[in-house]
Structures are given as structure tokens and as C-alpha cells.
Amino acid sequence: MYTGKIALIMAIMQILKYPDPRLRLKASPVDLVDNDIKDLVNDMFETMWHANGIGLAATQVDIHKRIVVMDLNGDGSAPRVFINPEIEVLDPTFASYEEGCLSIPDVTESIERPSKVTIKALDQDGKSFQEDATDLLAVCIQHEIDHLEGKLFVDYLSSMKRQRIRKKLKKNRE
Ligand code: GNR
Ligand code: NI
């Protein structure tokens, strides 16, 4: 008898776009990594890959739980899951990186963030792990944890730049 569980249905979820106020909600910790959470993680991967992203926070798909998926190669080769992620800065020297966001389509801006952090999180099986991060991983985890806090990379820019970006997105939607 076949008893294995297989994901039969996957779903591409809608990604909220700036300035949707739901992107400003603060996500709550996951208390148990159960099958519903695992299904959600799979849907988030599908959604992220479909949109050609390298990271996705649950906030972006209107689920206000502390869940992040990532695949820095963008090709399915290095899927990573971070549940209840927390970081501590190891090297506060700022490094700048040209950031994009699936919630702010067709906009990139150079953003400065601490260059080295250590990440503590639960994996897709609910097991805790710790990992030091530099370069794109450090950038991406900080970008995603910002989403879980209701923060977006445009918040680091001047209000003039932010206004210009809002106008551009509005124009693109019309
Ligand atoms: O796909 C994404 N690319 C990216 C590029 C530079 C810095 C951060 C990112 S994350 C982004 C996907 C996204 O919006 N995650 O929240
Ligand atoms: Ni983003």
C-alpha cells in the first residue's frame, strides 16, 4: 500500500504590490511547523519561482506569519526556508547592493545594510539552525525580515524618491 504523502496541488499566490497597506502588517511567529505551514512553504516557492524572485516573505502573499523562502540562484537549485528568522549583526560595516522587490516591480535602488549577520531560524522540518551570512544572503535575509516587520526597501530612500516610485508604479498599473 502506498502511504507516502505527495504534494498534489500547488498554488501560485498573488503578490501584494506597494503601496498596499497589508505590506505594513507585522507578522506573528509560527508556533508549530505543521503540514499547513509546509503546504504554505511549497506554495511560496512556486510563487517566488513563477515571479522570478530569489526570496519571498509570507507578508508579500498576505499571510502574516514569520516565514521566508529563498533561492539565491533563482533556478530551484538552492531552496532555503527560514521560519521565525532572527539576525544579529556580526559586522556593522555597511555594504550597498542594488535591491529589487517583487512587491515593487521594475524598481531597483542601491541600499546599504550591515555586511555580515548571523541568522537563527527554524527549517522546513521545524528544526533550529544557525548560519552566518555575507553578500547576497546577508542582503536578502535582511530584506525579507524587513517584510515581516512591515518594512520595504523604499523606506530607506528619501521621501522624494519614494514618491517618484509610487507614481511610476501607479502609471504602470494603468
Ligand atoms: O527577487 C528579489 N531580488 C532581490 C535582489 C536584491 C536584493 C533583494 C532581493 S529580494 C527580491 C524578492 C523579494 O521581493 N523578496 O522580498
Ligand atoms: Ni521584497
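Hydrogens, waters and symmetry mates are skipped; everything else that's a heavy atom, side chains included, is used. Each ligand, and each atom within it, is numbered from 1 in the order the structure gives.
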Step through it carefully: locate the ring centre of Phe82, locate the ring centre of Phe129, and say whether they are under 6.0 Å apart.
-> yes
Would you mind telling me which of Val30, Asp36, Asp31 makes a side-chain contact (heavy atoms from CB on, under 4.5 Å) with Asp34?
-> Asp36
Option from Gln130, Glu88, Glu86 for which side-chain hydrogen bond (donor to acceptor under 3.5 Å, both in side chains) with Thr118 holds = Gln130
CG of Asn84 to CD1 of Ile145: how many Å apart, nearest 0.5 Å?
-> 10.5 Å
Report the angle formed at the Ni ion (ligand 2) by atom SG of Cys101 and atom NE2 of His147, rounding to the nearest 10°.
-> 100°
A student checking ligand 1 against Glu99 at a 4.0 Å heavy-atom cut-off should list atoms 6 (C), 7 (C)
4.0 Å heavy-atom contact, Met48 with ligand 1 = no
Write the atom name of the N, O or S atom in His143 that is nearest the Ni ion (ligand 2).
-> NE2
Counting both backbone and side chain atoms, is some N or O of Gln60 under 3.5 Å from an N or O of ligand 1?
-> yes
For ligand 1, which atoms have a heavy atom of Gly53 less than 4.0 angstrom away?
-> 1 (O)
Sidechain N-carboxylate O distance under 4.0 Å for Glu131, Arg80 | yes
Against heavy atoms of Cys101, which atoms of ligand 1 measure under 4.0 Å?
-> 14 (O)
One finds that the ligand 1 atoms under 4.0 Å from a non-hydrogen atom of Glu144 are 10 (S), 13 (C), 15 (N), 16 (O)
Considering only protein heavy atoms, which is closest to atom 12 (C) of ligand 1, and at what distance to one decimal place?
-> Gly55 O, 3.1 Å
Between Lys26 and Glu149, does at least one N-O distance fall below 4.0 Å, as a salt bridge requires?
-> yes
Number the atoms of ligand 1 from 1 as they appear, then name those within less than 4.0 Å of a heavy atom of His147, with their elements.
-> 16 (O)
Taking atom types as modelled, is there a side-chain donor on His64 or Asp62 under 3.5 Å from an acceptor on the other?
-> yes
Below 4.0 angstrom from a heavy atom of Glu98, which ligand 1 atoms are there? Numbered from 1 as shown, please.
-> 6 (C)
min-distance protein heavy atom vs atom 1 (O) of ligand 1 -> Ile54 N, 3.0 Å
Provide the closest heavy-atom pair for Ser103 versus Ile15 in the form atom of the first, atom of the second, distance.
-> OG-CG2, 3.8 Å
Answer side chain, backbone, both or neither: which part of His143 comes under 4.0 Å from ligand 1, heavy atoms only.
-> side chain
Quick one: nearest non-hydrogen protein atom to atom 9 (C) of ligand 1, plus distance?
-> Gly100 O, 3.4 Å
Salt bridge present between Asp43 and Lys38 (N-O < 4.0 angstrom) = no
In this structure, atom 14 (O) of ligand 1 is nearest to the protein heavy atom Leu102 N, 2.8 Å
His143 vs His147 aromatic rings, parallel, tilted or perpendicular, using cut-offs 30° and 60°?
-> perpendicular
